[in-house]
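Worksheet: one structure, shown below.
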Amino acid sequence: MLRLAGMHPDSIVDGPGIRFSIYVQGCPHRCPGCHNPETHDPGGGYEADSEELSALIGKYRPGIDGVTISGGEPFEQAPALVPLAGKVVEEGLNLVLYSGYSFEELLSKSRQDENIHRLLEAGWLLVDRPYLLEERDLNLAFRGSRNQRLIDLKASLAKGEAVEWTGSGNDPARM
Ligand code: SF4
């Protein structure tokens, strides 16, 4: 079972295009100035079934460009998210993941944790690193502080190091 804080079926701020956004519950990072402090408590929110969520996304399928999983910290719930991420990819939708961990930290974790590995592999873009209040910038696309990056996951996993997304290409939903 997933633990969620909420969802938004047609978000335009959580990645390119119109996105079905899922916000998971529970975050260990506790960034000062976080806009979603209600998502921090891992015991808060509500339980959701991955298959029911996949079916719900399917109903919005014609009107969305992709799915975003944000938080909270998605990678704390990797085992429950892997089946959902697989369905998203099967449906031909692209997947954007947010994390307070850096790509490098997640890559290191993925060597010991198959679910983190599979979640990274299912993703198209990763918005990584914690929100830093002192680097807050309201003009950035899809992120809140300048230290955060838009990572092209396919290119980064192939290279074994972070490759920042240039804003075009490599979208599995358009290939
Ligand atoms: S990682 Fe995201 S949800 Fe977690 S505390 Fe930082 S800004 Fe908030």
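As the structure lists them, so they are numbered: ligands from 1, and atoms in each ligand from 1. Source: prediction; values computed, not measured.
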So the atoms of ligand 1 within less than 4.0 Å of a heavy atom of Arg30 turn out to be 5 (S)

Heavy-atom nearest neighbour in the protein, as seen from atom 4 (Fe) of ligand 1, with distance rounded to 0.1 Å: Cys27 SG, 2.3 Å

Among all protein non-hydrogen atoms, which one is nearest to atom 3 (S) of ligand 1, and what is the separation to 0.1 Å? Gly72 N, 3.4 Å

Is the shortest heavy-atom distance from the side chain of Asn94 to the side chain of Leu125 under 4.5 Å? no

If you measure from each heavy atom of His35 to ligand 1, is any distance below 4.0 Å? no

How about CZ on Arg146, more than 12 heavy atoms from neighbouring residues, nucleotides or ligands closer than 6.0 Å, or not? yes

Residue pair Phe75 / Leu120, side-chain heavy-atom distance below 4.5 Å: yes

Within a distance under 4.0 Å of any heavy atom of Tyr131, pick out the atoms of ligand 1 and give their elements. 7 (S)

Cys34 N/O/S atom closer than 2.8 Å to atom 8 (Fe) of ligand 1: yes

Is there a side-chain contact between Glu91 and Ile57 (heavy atoms, below 4.5 Å)? no

Answer yes if the side chains of Glu73 and Ser99 hold a donor-acceptor pair under 3.5 Å, and no otherwise. yes

Within-4.5 Å side-chain heavy-atom neighbours: Ile116 and Tyr101: no

Mind checking whether atom 6 (Fe) of ligand 1 has an N, O or S of His29 under 2.8 Å? no

Side-chain heavy-atom pair Ile22, Leu2 within 4.5 angstrom cut-off: no

With a 4.0 Å cut-off on heavy atoms, does Glu73 reach ligand 1? no

When distances are taken from atom 5 (S) of ligand 1, the protein heavy atom at minimum range is Cys31 N, 3.1 Å

In terms of atom number and element, which parts of ligand 1 are under 4.0 angstrom from non-hydrogen atoms of His40? 5 (S), 8 (Fe)

